[in-house]
Each structure stands twice: as structure tokens, then as C-alpha cells.
Amino acid sequence: MARIRFQQTLIVLLSLAAFFRVGDAGCPIASLGRRSLKQAPVPAQPALIFGFYDLTCPTLNSIIDTRMRFWVLQDIRTPGKVLRLFFHDCFAAGCEASILLNSTAEFAAEKDAPISVTLDKFQVIEDIKSEVETACPGIVSCADILALAAAKAVELAGGPILVTETGRRDGVVSYLAGATASMPLSTQKIPDLEAMFVQAGLDINDLVILSGAHTIGEVHCSNFADRFDPAANSPFGDVSFGQELLAFCTRNGAGDIATLNLKTFMDLQTPNSFDISYYVNLIIGRGVMTSDQVLFNDLRTQPMVREFAANRTLFFESFQASMLKMGRLHVLTGTNGVIRKQCGVYP
Ligand code: HEM
């Protein structure tokens, strides 16, 4: 009883602290705009906290754990797909589960954007949501379920056990154009990638750290076709790698564009293990996408790549910190947003 009272007091104190700390978490532009326009003050909303559902949905973490383990047993590629969903959610309009919404008569949704075409495992999040709704109806947002599932994905792939803040609420709209404008491209180089990260509210360090997520998962040939050209490849140090990729992607007949639907692993050494081999591959010129390989090629980011390739603990700690930062991007909290009943539809 005393423990519960202590927890309740702690939550109130944390919420008050958050109230005075931040309005739009991770959105300096929004708060600048408010100050300079001298509008009537917008009520500040609480920041995310650890353990937001400890009292209201105590079984949440065990449901996430059980269901994620179930899905990974069905398909070992689940962690990569779920982690990528979280990234796409946070980058396009913030971590408010808009990536999970289906298109409606009013809007074409983020998930129908060309950049989203290979996103997968929406059903894993919907499945967890339905279990959570049975246990704690109307309490837990899809945005938080996605954040917690992404953290569990990293852990189940052998990565760090990530702590995750919660208290997000769900958005009610989702725009295809928003996804197109917000997501970085696999053909981009450091200046453009950095610009996309800064636009989202992150920085060039987060770019190097979070790209480490490509230590797991798959990639379609269409996303690295620009690596086939030896001339384009030569600055990256391993000319033969582009030719290997080309041979793989055209194995059903040279020049057969349809075969660009083929896919390979992001990290050809340990595709399902969350480890440092992604960075080791970059050093030897075997990063699959241009957006990966340039992290080593650019002298600004190369030192970090070298450090992570040599120090797993440093990579894991950095990944934890950057995931927390990404998880705060333009979140809806307090009285903003809703708790959707299903993640794919609203209402
Ligand atoms: C730096 C900018 C990034 C670019 C340009 C990028 C682009 C891509 C592309 C093109 C794919 C392959 C999609 C396919 O062919 O099916 C992919 C896969 C993936 N991305 Fe990224 N990504 C970036 C950053 C991130 C971040 C920050 C995360 C998470 C923290 C992430 C997690 C993943 C994962 C786990 C996969 C594998 C998905 C699967 O197995 O289906 N990516 N990314």
C-alpha cells in the first residue's frame, strides 16, 4: 500500500516536473514559434516518463514480451520489421502511431506512400494491441505499444535491453505526403541524410547511431541499385562488392528489372543479430545501401563508425540514448491525441 502511494506521488511529481519542462517534446521550432508570436500561452503537456502504465496496466510489459516472443518464433525477421515501423512512425509527423493508420476517404495514409511499400508486420502491433485492450481497455496507446515492441525487438535480436519512456497518445490522421517528405532515402549522402535528421529533430550523431539498426533486416535490390555502378562504387573502397550485388539482383537474367524485387540482408554476416558487424562492414566497403556506406566514406562520420566497430558497449549505450531521443519526436501527451481502440483505424 505504502509502495503504491509512493509510486502515485512519484508519478504526480514527475508529471509536474514534466509540465514545467516541455511543451512539444523534441520540437524546438514549435516552441520558438510560440514565443516569438506572443500568442496566448498554449497549455503545456506532460513529457514522457518511465513506467507510465505501471498502475493502470501492470501486465503491459509481460504482454509485449510474450507476444513479441511468439511472433519472433513464427518469423525470425520480425524484429527488423517492427523496429523499422517505429522509425517510420517517429520520422513522419512524430511518434503518434500515424504509420499504423489505414487510408480513408479523407486521407491517403503514410503507409500507402511509395517509401512505405515494404513496411511489414503491422499485424504484430495490431495483435499486441488487441491483447492489451482485453487486459486494460482504453488505456494504452498504439504509439506506446509500437515503441515498446521496437525496444523488445532489439532485445530479442540480441541487442541491448532498452528502457522506453511511455505516455504517448495516438494521432487521428496520417498523410502519405508527410511520409514522402520526411523519410530519408537510401541513395542520399551525408549532407541530405543529416538534413533529414535535423528536420526530424535529431542530429548527425543520431544518424550514425540509429543507422546501426541496419545490423538486422532485409533490403530490396531496388534500394541499392545505385551501388551496381563500379564508378559510383569506387570511392567506397570495394569495387567488387557492387558487382556482387548486381550479380545477385540480376540472377534471373541480366537487366531484368523485375528481379529488383529480390532482397538480401542488410548485414550479410549476421543478418538477424543486433551487433556491431554493420559498422565493421562499412569499414571494408560492404555497406549495402549508399546511405549506409557514406557513413564511413564521409570524414565527419567515419570516426564514429570506427569507434562502434571496435566497441559494442559504446554502440549499445549510444543506441539506447538515440532511441530515447527518437521516441520523443513530436509526441502527443496529456490531453492531446486519443487512445485508439485499434491501431489501423480511427475512430
Ligand atoms: C539513415 C537513414 C535511413 C535510410 C535511408 C533507411 C532506409 C532503409 C531502406 C531503404 C530499407 C530497406 C527496405 C526494403 O528494401 O525492404 C531499410 C530497412 C530497415 N531499416 Fe532503415 N533507413 C534509415 C534509418 C533507419 C533507422 C533510424 C532505423 C531504426 C532505428 C532503421 C531500421 C531499419 C530496419 C530494422 C530495416 C530492415 C527492415 C526489414 O527487415 O524489412 N532504419 N531502411
Side-chain angles (χ1 to χ4, degrees), residues 26 28-29 83-84 87-88 90-91 115 154 159-160 181-217 219 221-246 264-271 273-326 329:
I29 296 171
L83 179 55
R84 186 172 178 228
F87 161 54
H88 278 238
C90 293
F91 258 60
I115 193 84
V154 171
S182 312
M183 299 313 299
L185 302 174
S186 59
T187 49
Q188 285 177 327
K189 302 201 172 137
I190 294 296
D192 290 336
L193 293 170
E194 181 183 14
M196 298 306 281
F197 270 62
V198 168
Q199 172 184 294
L202 300 178
D203 61 29
I204 193 166
N205 293 340
D206 300 309
L207 165 65
V208 183
I209 296 161
L210 291 171
S211 292
H214 291 169
T215 180
I216 54 173
V219 52
C221 291
S222 49
N223 282 317
F224 54 84
D226 57 326
R227 295 276 274 138
F228 299 159
D229 174 8
N233 258 300
S234 51
F236 297 138
D238 186 342
V239 179
S240 64
F241 186 54
Q243 286 156 1
E244 270 176 50
L245 292 174
L246 175 63
T264 184
F265 296 119
M266 288 279 189
D267 167 357
L268 296 155
Q269 268 68 47
T270 52
S273 296
F274 197 99
D275 55 21
I276 51 171
S277 60
Y278 168 78
Y279 295 106
V280 174
N281 287 337
L282 299 186
I283 293 176
I284 56 173
R286 296 176 76 85
V288 176
M289 299 190 294
T290 292
S291 60
D292 296 316
Q293 191 55 53
V294 292
L295 298 179
F296 182 74
N297 209 47
D298 192 289
L299 292 180
R300 277 198 300 159
T301 46
Q302 190 185 98
M304 272 182 98
V305 171
R306 286 189 189 280
E307 278 190 282
F308 291 146
N311 189 338
R312 176 178 181 264
T313 306
L314 181 66
F315 168 49
F316 280 10
E317 286 172 0
S318 306
F319 196 79
Q320 163 73 86
S322 288
M323 281 288 275
L324 283 174
K325 273 176 82 177
M326 187 167 80
L329 294 178

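Just so we're clear, the structure is a prediction, and the values are computed from it rather than from any experiment.
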Is there a side-chain contact between [X] and [Y] in this structure, where contact means two heavy atoms from C-beta onward sitting under 4.5 Å apart?
X: M266; Y: N223; result: no
X: F241; Y: V288; result: yes
X: P184; Y: D192; result: no
X: I276; Y: T215; result: no
X: M326; Y: C90; result: yes

Check whether [X] reaches the backbone of [Y] with its side chain - one donor and one acceptor, N or O, closer than 3.5 Å.
X: S322; Y: I209; result: no
X: Q302; Y: L295; result: no
X: E194; Y: I204; result: no
X: D206; Y: D203; result: yes

*Mind checking what makes side-chain hydrogen bond (donor to acceptor under 3.5 Å, both in side chains) contact with S318, not counting sequence neighbours?*
none
*Donor on one side chain, acceptor on other, T187 and D226, under 3.5 Å*: no
*Taking it one step at a time, do K189 and T290 satisfy side chain to side chain contact (heavy atoms under 4.5 Å, CB included)?*
CA-CA 7 Å; K189 302 201 172 137; T290 292; 4.0 Å; yes
Closest non-hydrogen atom pair, [X] against [Y]:
X: A213; Y: F274; answer: CA-CE1, 4.2 Å
X: M289; Y: S186; answer: SD-CB, 3.4 Å
X: V305; Y: F296; answer: CG1-CD1, 4.0 Å
X: L185; Y: S291; answer: O-CB, 3.8 Å

_Worked verdict on D292 versus N281 for side chain to side chain contact (heavy atoms under 4.5 Å, CB included)_ = CA-CA 10 Å; D292 296 316; N281 287 337; over 6 Å; no
_Pairwise distance CZ(R286) to CD(E244) - rounded to 0.5 angstrom_ = 4.0 Å
*asked:* Is the ring pair F308/Y279 parallel, tilted or perpendicular, if the boundaries are 30 and 60 degrees?
replied: tilted
_ring pair (Phe, Tyr, Trp, His ring centres under 6.0 Å) contacts in which one or both residues fall within residues 191-216, not counting sequence neighbours_ = F91-F197
